[in-house]
Trainee: 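Please find one structure pasted underneath; my questions will follow.
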There are 2 protein chains.
Amino acid sequence: MAIDRDSVLNAAVGVLSRQPNAAMDEIARAAGISRATLHRLFPGRDALVREVGALGLRRFTQALDDARVDEGDTVAAVRRLVDAVIPVAQLCAFLTGESKLYEDSEINQAWDRLDARVRALFLRGQQEGAFRIELPAAWLSEAFLDLVAGVGWAVQDGRLAPRDSAHALAELFLGGATRRPATP
Amino acid sequence: MAIDRDSVLNAAVGVLSRQPNAAMDEIARAAGISRATLHRLFPGRDALVREVGALGLRRFTQALDDARVDEGDTVAAVRRLVDAVIPVAQLCAFLTGESKLYEDSEINQAWDRLDARVRALFLRGQQEGAFRIELPAAWLSEAFLDLVAGVGWAVQDGRLAPRDSAHALAELFLGGATRRPATP
DNA sequence: CCAGAATGAGACACTCATGTCTCATGTCAG
DNA sequence: CTGACATGAGACATGAGTGTCTCATTCTGG
């Protein structure tokens with residue numbers, strides 16, 4: 001029986017995104033392994049949580065890279081970002097739900113860097129005149145991240161179909177964040 | 001020294017909205033009282049958490065009533081709801097952050113009723129042609145609640161000015177949720 | 001000022017989660 | 001089939017958090 005570390009991590013994400021303080025017992029059960037085996041895979045609960053956190057940050061950062069958010073039209077960049085970030089929405093839900101994670105200064109700094117990039121994207125949108133300048137970029141960043149997390153939860157609970165999620169997120173967010181054409 | 005139960009509850013909300021599994025020690029410290037006194041006020045941690053949860057649900061439900069969400073134009077109703085719900089944004093953050101709360105069937109049912117009312121509002125908006133029908137009402141409800149929570153966190157962290165919060169929430173959400181005028 | 005009530009501090013018993021370890025069982029490759 | 005390795009089950013020690021309680025101190029109203 002070869003335990004697939006990745007699917008154990010995935011199961012952990014599924015539990016932790018809903019319950020950040022879930023016990024190792026619960027996580028092991030969700031992964032279909034024993035607690036002893038879980039401890040063999042990760043040197044402790046702290047290490048598991050940190051690893052899930054780091055994975056989320058890495059994946060989200062990768063999504064920003066893949067979406068080439070610094071290139072071209074901002075609205076198109078956000079659409080690309082949404083497409084890139086949807087597969088890691090659940091990880092994002094964990095990142096926004098577990099405040100204890102940020103007691104680790106490395107993780108805290110990585111989060112700040114990520115948030116700064118997201119904020120810079122919206123600031124660029126505002127400077128280009130595509131985004132609404134009266135909405136603070138910090139709010140746009142907060143809102144975007146919370147909506148990504150919301151997608152993670154809604155899809156997990158079956159309240160939102162996976163194939164609808166990118167469109168739902170992009171349209172709701174961009175519809176609100178971008179300037180409307182001036183009414184004649 | 002008269003302990004003001006309401007401000008103890010408020011302090012608890014402030015801590016629990018960020019860390020749903022915060023210890024009684026932390027909550028007591030944040031409230032400026034001893035743990036013993038906290039236990040004298042609430043018959044246990046469970047009872048405190050349930051009371052905060054019930055308070056949040058009651059307040060949110062009151063906001064729906066105050067905003068008269070079933071009356072008149074849907075967009076105006078959502079604006080009224082935003083104004084009514086902003087003062088309880090932090091409570092909402094707790095409601096969306098603590099999944100263990102819903103193991104209590106009474107609280108779970110109250111949440112479902114609240115969610116159903118929010119969803120019905122958006123469905124009405126869709127039926128009236130004001131809201132976008134391609135965005136599932138369940139998603140709109142999820143997004144709205146998550147954005148309210150996001151306001152709670154952002155204001156608490158000083159990333160969003162309280163006076164900007166209602167406008168920020170209403171414009172972002174409604175901008176995305178409502179139909180744009182057809183382009184000629 | 002004084003008595004009663006309220007509060008804080010600290011101790012203690014208990015529960016639960018964690019980490020660690022042992023041993024029996026299961027799995028897999030040669 | 002067999003040996004090596006992996007895994008599960010269970011036991012145990014430990015620490016953190018909870019609930020409960022006592023006692024000293026503080027507060028408050030008459």
Side-chain angles (χ1 to χ4, degrees), chain A residues 1-56 93-95 97-107, chain B residues 1-56 93-95 97-107:
Chain A
M1 175 175 311
I3 301 290
D4 178 7
R5 201 168 187 277
D6 275 355
S7 55
V8 172
L9 256 186
N10 266 334
V13 171
V15 176
L16 288 168
S17 66
R18 264 295 176 213
Q19 209 186 136
N21 62 320
M24 292 295 265
D25 243 359
E26 288 177 69
I27 297 166
R29 219 175 299 129
I33 60 174
S34 71
R35 186 165 69 83
T37 303
L38 186 58
H39 274 284
R40 289 184 183 113
L41 287 171
F42 302 96
R45 193 186 183 283
D46 256 9
L48 171 61
V49 164
R50 234 189 320 263
E51 181 152 349
V52 170
L55 178 66
F94 174 67
L95 290 178
E98 173 55 302
S99 53
K100 274 237 178 86
L101 201 48
Y102 304 100
E103 292 174 4
D104 179 311
S105 74
E106 236 187 273
I107 289 192
Chain B
M1 180 178 307
I3 301 290
D4 178 7
R5 200 167 189 276
D6 276 354
S7 55
V8 172
L9 255 186
N10 267 333
V13 171
V15 176
L16 290 167
S17 65
R18 265 291 177 217
Q19 208 184 137
N21 61 319
M24 293 294 265
D25 242 358
E26 290 179 69
I27 296 167
R29 221 175 300 132
I33 58 173
S34 72
R35 184 163 72 83
T37 303
L38 186 58
H39 275 285
R40 289 185 185 111
L41 288 171
F42 302 95
R45 192 185 187 285
D46 258 7
L48 171 61
V49 163
R50 231 185 327 258
E51 182 153 348
V52 170
L55 177 65
F94 175 67
L95 290 178
E98 174 55 303
S99 55
K100 273 239 180 84
L101 200 50
Y102 304 99
E103 292 174 4
D104 178 311
S105 75
E106 233 188 273
I107 289 191

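Protein chains get the first letters and strands the later ones, always in sequence-line order, with residue 1 at the start of each.
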Trainee: Please report the distance, rounded to the nearest Å, between CD1 in I33(A) and C1' in dT27(C).
Mentor: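 The answer, rounded to whole Å, is 16 Å.
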Trainee: Between R18(A) and E26(A), is there a side-chain N and carboxylate O pair less than 4.0 Å apart?
Mentor: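 Salt bridge flag = no for E26(A) with R18(A).
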Trainee: Where each residue is assigned the nucleotide of DNA chain D containing its nearest heavy atom, which of L38(A) and E26(B) is assigned the position nearer the 5′ end?
Mentor: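 Here L38(A) is the residue nearer the 5' end.
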Trainee: Indicate the atoms forming the closest heavy-atom contact of G14(A) with S17(A), along with that distance.
Mentor: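 Where G14(A) meets S17(A) most closely, the heavy atoms are O-OG, 3.3 Å.
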Trainee: Rounding to an integer number of Å, can you tell me how far F42(A) CZ sits from dT18(C) C1'?
Mentor: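 Computing the F42(A):CZ to dT18(C):C1' distance gives 16 Å.
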Trainee: Determine to 10° how strongly the helix from dC1(C)-dG30(D) to dG30(C)-dC1(D) is bent, judged from the axes of its five-pair ends.
Mentor: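 Taking five pairs per end, the axes differ by 30°.
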Trainee: Collect all protein-nucleotide pairs involving nucleotides 19-21 of chain D in which both atoms are nitrogen or oxygen and the distance is under 3.5 Å.
Mentor:
from	atom 1	to	atom 2	distance (Å)
dG19(D)	OP1	R45(B)	N	3.1
dG19(D)	OP2	R45(B)	N	3.0
dG19(D)	N7	R35(B)	NH1	2.9
dG19(D)	O6	R35(B)	NH2	3.1

Trainee: Which nucleotide in the set dT18(D), dA9(C), dG8(D) lies at the smallest distance from any side-chain heavy atom of S34(A)?
Mentor: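 Taking heavy atoms from C-beta onward, the closest nucleotide is dG8(D).
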Trainee: Donor-acceptor pairs are to be reported for all side-chain atoms of residues 40-49 of chain B against protein atoms at under 3.5 Å, with residues two or more places apart or in another chain.
Mentor:
from	atom 1	to	atom 2	distance (Å)
R45(B)	NE	A22(B)	O	3.1
R45(B)	NH2	P20(B)	O	3.0
R45(B)	NH2	A22(B)	O	2.7

Trainee: Which residue in the set I27(B), T37(B), I33(B), V13(B) passes side-chain contact (heavy atoms from CB on, under 4.5 Å) when paired with V8(B)?
Mentor: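 Output: one option passes, namely I33(B).
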Trainee: If you assign each of L41(B) and A22(A) to its closest nucleotide in DNA chain C, which residue comes earlier from the 5' end?
Mentor: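 Nearer the 5' end of the strand: L41(B).
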Trainee: Of all heavy-atom pairs between V52(A) and A12(A), which one has the smallest distance, and what is that distance?
Mentor: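 Closest approach of V52(A) to A12(A), heavy atoms only: CG2-CB, 4.4 Å.
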Trainee: To the nearest Å, how far apart are I3(A) CD1 and dG8(D) C1'?
Mentor: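 That distance rounds to 10 Å.
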Trainee: Could you check how far CG of N21(A) sits from P of dC16(C), rounded to whole Å?
Mentor: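 Spelled out: CG on N21(A) to P on dC16(C) is 15 Å.
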Trainee: I need the N21(A) CG to S99(B) OG distance, nearest 0.5 Å.
Mentor: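 So the gap between those two atoms works out to 8.0 Å.
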Trainee: Can you tell me the distance, in whole Å, between the CZ atom of R29(A) and the P atom of dA17(C)?
Mentor: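 Spelled out: CZ on R29(A) to P on dA17(C) is 10 Å.
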Trainee: Specify the closest pair of heavy atoms between L38(A) and A28(A), including all atoms of both residues, with the distance to one decimal.
Mentor: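 Looks like CD2-N, 3.8 Å.
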Trainee: Within the structure provided, determine whether L16(B) and E98(B) are in side-chain contact (heavy-atom separation under 4.5 Å).
Mentor: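 Contact flag for L16(B)/E98(B) side chains = no.
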Trainee: Please name the pair of heavy atoms, one in L101(B) and one in G53(B), separated by the smallest distance, quoted to 0.1 Å.
Mentor: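 Heavy-atom minimum between the residues: CD2-CA, 3.9 Å.
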